[in-house]
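So the structure is just underneath, and the comments pick up after that.
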There are 8 protein chains.
Amino acid sequence: MLLFENNDRIVFTGDSVTDSGRGRPVGQGLWDGVGNGYVRAIDSLLAVSYPESLFHIMNTGSSGFTSRDLLSVWQRDVLDLKPDWVSVCIGFNDVWRQFDSPAVTDQHVYIDEFEKNVTLMAEKTLPNVKGMILLTPYYIETNTDDAMRAKMDEYGSVIKKIGKDKNIPVVDLQKEFCDYLRYRHSSYIMWDRVHPGWVGSMLIARAVLKAVGADRISIGE
Amino acid sequence: MLLFENNDRIVFTGDSVTDSGRGRPVGQGLWDGVGNGYVRAIDSLLAVSYPESLFHIMNTGSSGFTSRDLLSVWQRDVLDLKPDWVSVCIGFNDVWRQFDSPAVTDQHVYIDEFEKNVTLMAEKTLPNVKGMILLTPYYIETNTDDAMRAKMDEYGSVIKKIGKDKNIPVVDLQKEFCDYLRYRHSSYIMWDRVHPGWVGSMLIARAVLKAVGADRISIGE
Amino acid sequence: MLLFENNDRIVFTGDSVTDSGRGRPVGQGLWDGVGNGYVRAIDSLLAVSYPESLFHIMNTGSSGFTSRDLLSVWQRDVLDLKPDWVSVCIGFNDVWRQFDSPAVTDQHVYIDEFEKNVTLMAEKTLPNVKGMILLTPYYIETNTDDAMRAKMDEYGSVIKKIGKDKNIPVVDLQKEFCDYLRYRHSSYIMWDRVHPGWVGSMLIARAVLKAVGADRISIGE
Amino acid sequence: MLLFENNDRIVFTGDSVTDSGRGRPVGQGLWDGVGNGYVRAIDSLLAVSYPESLFHIMNTGSSGFTSRDLLSVWQRDVLDLKPDWVSVCIGFNDVWRQFDSPAVTDQHVYIDEFEKNVTLMAEKTLPNVKGMILLTPYYIETNTDDAMRAKMDEYGSVIKKIGKDKNIPVVDLQKEFCDYLRYRHSSYIMWDRVHPGWVGSMLIARAVLKAVGADRISIGE
Amino acid sequence: MLLFENNDRIVFTGDSVTDSGRGRPVGQGLWDGVGNGYVRAIDSLLAVSYPESLFHIMNTGSSGFTSRDLLSVWQRDVLDLKPDWVSVCIGFNDVWRQFDSPAVTDQHVYIDEFEKNVTLMAEKTLPNVKGMILLTPYYIETNTDDAMRAKMDEYGSVIKKIGKDKNIPVVDLQKEFCDYLRYRHSSYIMWDRVHPGWVGSMLIARAVLKAVGADRISIGE
Amino acid sequence: MLLFENNDRIVFTGDSVTDSGRGRPVGQGLWDGVGNGYVRAIDSLLAVSYPESLFHIMNTGSSGFTSRDLLSVWQRDVLDLKPDWVSVCIGFNDVWRQFDSPAVTDQHVYIDEFEKNVTLMAEKTLPNVKGMILLTPYYIETNTDDAMRAKMDEYGSVIKKIGKDKNIPVVDLQKEFCDYLRYRHSSYIMWDRVHPGWVGSMLIARAVLKAVGADRISIGE
Amino acid sequence: MLLFENNDRIVFTGDSVTDSGRGRPVGQGLWDGVGNGYVRAIDSLLAVSYPESLFHIMNTGSSGFTSRDLLSVWQRDVLDLKPDWVSVCIGFNDVWRQFDSPAVTDQHVYIDEFEKNVTLMAEKTLPNVKGMILLTPYYIETNTDDAMRAKMDEYGSVIKKIGKDKNIPVVDLQKEFCDYLRYRHSSYIMWDRVHPGWVGSMLIARAVLKAVGADRISIGE
Amino acid sequence: MLLFENNDRIVFTGDSVTDSGRGRPVGQGLWDGVGNGYVRAIDSLLAVSYPESLFHIMNTGSSGFTSRDLLSVWQRDVLDLKPDWVSVCIGFNDVWRQFDSPAVTDQHVYIDEFEKNVTLMAEKTLPNVKGMILLTPYYIETNTDDAMRAKMDEYGSVIKKIGKDKNIPVVDLQKEFCDYLRYRHSSYIMWDRVHPGWVGSMLIARAVLKAVGADRISIGE
């Protein structure tokens, strides 16, 4: 059964994967307010399937953010919005900068800090909400020997560990994409192996909706 | 069971409701090729749910088109693309101009011509394809006494009649929207009561997918 | 006889219906200063018909404003301009957001607050001016069973009640549009049933001019 | 009584005074189709005052045109539109170029050619329409000794002469503006003394409406 | 003999007639720094004719300024630049707004305030400079009965009076333009009768250069 | 005495030095028609000094043109305009490409072709006009050992030779600039040593005006 | 020793990897004519190292081109330029579309056609030039099990085979990138694993320069 | 042997020659972060040749800066970045403004101040870094009699003197360009004789790389 209840306030936050051109200062309401990525897919699917309920969905993802950046705006972009539910999808840039800008170490967020950052987000939030959802970062690549994929897996494991420790549902997006890559090459999703495109957004939305018990929606394989 | 088969070529055509910013000359492939309306929703949902099959989806809807305009490019925008399936959603502008520009009669397409136009589209197409789908035009308005709603219903009846005569599945979009309007005001879908927005696109996609037997996808109410 | 006297300062304020692209910070004077909506129509008709008088017309409408927003800038956008007359047209967005963004309740202004807001505007203003004019919000829709129309009527009633209580002339714009809709469909005025377009602006102007006794101008039916 | 009848097709043509940003190829219908000058004022006032009739108003004025230019497109921009009524307002640029570009004689249209051009327009048109209307060019200047005003008066006299010879109603716009200039300086209308601005457009509209017997509309002085 | 000496700092200030697209914050040096109006003409003619001297020419004219506005920035835009010479050309907008925006009285600067403003400019400046130059405002119109021309003449007389009282050379630009209008219509200079265009800029430059004794330059009639 | 007579048609043509943003297809008349380079300076100075005469000045210079390009449009851009006088300033790009793009030999116009091209221009033109004027190309560089300066001098010599042979007045612009460079560094004129800037335009105008006997204008050193 | 000789005409062609924003119609000469990718790096390094020679380098790469597209413009974009040397880098899009747009089979160029296309390019060209250079397409990915990498290797083998058969030097760019990826992750070069970025352009340039015997340049590892 | 060591932080600063469109606030990392001038050439060549090392290269050059401007931001743009190496290329604008804007003396930085400014930069920096590099300003002109070249040589001498006094390696860019100008005209590098273009950037990069002992890179002549 769907965890979200009528009139719940639900914040999705993270980086560009979440942002997807959302409105400012808070992505919500009319037109492209919630952006045109996975948050929109979730919003539309819920609206169609649970029309008797109202879900106040807000998107505060910010392109380019690492967990360090996100933590620094957590009060303004999450807690001040008085959410009932908070979904976090962070870590891509923590890892990516270590590979695409190896010399610019100021922009790297290593795994210990990452764990500390996400843990702090959870601890500041859990007492004030009905629940949180954690999404693992992912790399749309099946080769687990790829250095960036391997590192992303480590960050994903941190997310899973925090989820387990704090009893927060975790959506394993890396697994979702790997399952799908049995049928298509990664470039079908997006050339850069991170930003999800339309199909990837639907994959993420499907996984999140399943995790929150949206059983009216079934987008099978 | 899904009517579309692996490698089928599927053309969606119509007016701005279909167009939704599609690529030119043919809306297909990468990025926003298929536009960001209901065709994209269909494309994404099929891609996620039927990953073992490839559907070559093409969007040739053109903003502002009446059935008269669409018929005039039918060869180029439909037949030349050698489709296996053709989905047509036309008639909004045939009706709308009679109400928003009552004096500009050159732009009105009355019901007899509308019937003739869509009939011709069907006759030129059916011998060359596996199947067609007809979508009724709609007005996102529950008051059947509204003059434009009433007229749109007449045009929708023409679509249903052609569908019946020629054995083409018809998707009754007017009914889909009316069902949904039990829960929301029309302005939630779109201020102008025609262009569908994100939620409306999902509603259309759901109805079309159901009509083509996409039983892996269930977006309930 | 015309209420406005030579050299009177007249402020029109409200939301996008009034704004219509007015100049900033105060919409007045040359070129498109007063916007290109009903304020301009009033300004032009007065200028042509009462050439021996000068009316200093100012437009401080702001797109998207609810009564809550307008009240918050009342000092700067109305009182500081030292008007002789103040015309207010507010309430559309108070109502509209309840229907197009039902989940985003922070943006709703319910009827009690609306009454309080407009009452406060009147009370702050009346002691300092020759007179005020209140325009009802409207929904260009004849079906009084439409939920948004019904709600708009309630807000209109509040305006009429305040007008009666405080002896302020009220222009019933809902009635003006309903009278006109006997001849045309609402989409002829504007697809979104709120923003007035050229013809709607003329209708509003005619009604306002009548209310202020501009008897040199007669735009009959 | 209004000369225009229900469903009449009415073309307004001329130069920038008429054009005012009209749609292409024919200025008509929705949004700013008829431009935002005097044609729009006429269109709005007729729509409000004669709602039981539909007038198909078309604007084919083109900025910068002399009578020579207008004649060269007369078939396409007037006759092919199958009008019932044709209103012409031309001559400004025929005169203006003689004063602002005295050396560029190729761009001057002298009075004999002007007379011949407008006469030809009338002769090609009258057999095919219910009626024509001629508007005199004007210079928003009261000093009849001003060389450009004097020359404009000569061109205006040609218009009046053609009107008399061919029994076409003539609107003496020069007189309209002169009457108004008793109250305001020319710079109030427009700095350049030709383009009419909002107030000037209303003055022109009033005069034209009077000439066509629109007796429901009275915009007095 | 030329009043300006080698290395003199020369500020030209005023409104749009002076501004002409000058650089910000101070119009000087390379490219279009000094704008492309009369200041540039002066700068170029001096540079060519007195190549052995360097004149540091600065333009701080600001479009739309009245004498009230100019006075309010006098410290920053004139005195702080430590000029040896200051040329002022102000008053157009003081007068113009009285005619083009007669109702917007806040924007009018009447003649007493104008005199006070320019007098204050002179008094703040004269003790700190080698000299000042005053340019009369003008209206490119020969008819002295024109209300705006008549008013402009009054403002010009104030300039001449201040010049006489304080022994500041005055350039009578109204006379310059009137002399020229014996040969051309005002619209040849500029449609709006104020902004000078290329030929008008040269006329102003010629008059200013004559006033400062630039006897190497002779641009006769 | 000035060679140009009342109502003469005068074409200035060449490359970007002449073009300077001129209007298309022919640079003439209002606003920036003649561009904002030396042609404008000539136009303004003549207009101010010879107000009793009208000179129809046309600019058909085209940026980037070599003598080869100019010859190819000579009929359209010069002869078809039926000029009384033709002034040509060409050769910069013929030379420049040899130095800035030494490998792109297709774009080089060597001295024999240059001579042939300009000779042909003269021969096609002289029988049809009152007179021609030839301006030498130049390089704003005093060092005659500079390779590009040396080459430009050769091309200048060709111009002088053609002038002598055909009895056409030649304006030696290289000499004008060299004289001026005694006082300023070349970068004061323009960083690229070719495009003249405001001061350089005035220098060219002065030289051309002298060559055509404009004795009312004296811009001394 | 460098194969290119003084004054040789050298065409680089291909797709977006070559194009890199080159000038149109032919990318050559001043400014960014040759684009800002590997062709520019080659051009700059040759210019600095072989200053005594002139190489006329032309870039006619076109973004998005497959070998089919390139073949269709071969006459215009290669042969008509009369090159001494031709370098071709094609095949990326032939392969990529098979993976990112698997359903859009019209855009796929399979290996047999690819071989035929490149063979035809060679056969049309070899008789008319001093030599050709073939660059293999590549995928910046070390995992040879990746489906797109595997396919790209097959296309690369075709290039090598053609090179061997026709005695054309082949630059194995796949090997160049693989060697470099021992030190950096592919995302350091470019997120999409195809477009080379600055470092990748230098790698390509180094490999090409080595292949043409540019022994004055050594950019070691 | 290369002076830079693995993980060194290296700041390049100066004016537009260094800036070249760098990112803000610090030019580093992905895409065009380091600009597209000589810093990029250095970055790419090092990345290719020393792949086993990471150099954190930062560009903080700012277009238009004199040594006075650069000194004023030295703390923020250099010291706060905690560099191991600092390369400075300044002085062009100190000299240039004396020649292109001789009257605007406020913008001139004379040689004593220049020496003081650069000395201060060195003194603030040397105690905190592994080393500095000084690049002489240059003028791409072989004629040492040219006034700007002569002045630039004096400023270059100051740089050499400071380098000698403080034991900082100096790269004599003037010499680099002069050596190259034996083969090409200055306009081949850049029309303005200062901004380096692609070839000039490579020349600067080569010289800097040689100065820091990058012996794996040899871009001979």
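Residue numbering restarts at 1 for every chain, and letters A, B, ... go by the order of the sequence lines.
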Could you tell me which of [options] has the largest number of non-hydrogen atom pairs under 4.5 Å with chain H?
options                                : answer
G/Gly197, G/Ala214, G/Ser218, G/Ser201 : G/Ser218
G/Leu54, G/Ile217, G/Leu203, G/Val48   : G/Val48
G/Met190, G/Arg184, G/Glu52            : G/Arg184

Please tell me if the side chains of G/Ser186 and G/Arg193 come closer than 4.5 Å, counting only heavy atoms from C-beta onward. yes
Below 4.0 angstrom, N of the basic side chain to O of the carboxylate: do H/Arg97 and H/Asp94 qualify? no
Less than 4.0 Å between a side-chain N and a carboxylate O, is that true for H/Arg24 and H/Asp19? yes
Shortest non-hydrogen pair, G/Gly220 vs G/Arg206, comes out as O-NH1, 3.3 Å
Counting heavy-atom pairs under 4.5 Å with chain G, the top scorer among H/Val34, H/Leu30, H/Ile219, H/Asp43 is H/Ile219
Which answer fits H/Asp32, side chain, backbone, both or neither, if we ask what part of it has an atom under 4.5 Å from a heavy atom of chain G? both
Side-chain donor-acceptor pair under 3.5 Å between H/Asn36 and H/Ser20, yes or no? no
Proximal component of G/Leu46, with respect to chain H [non-hydrogen, under 4.5 Å]: neither
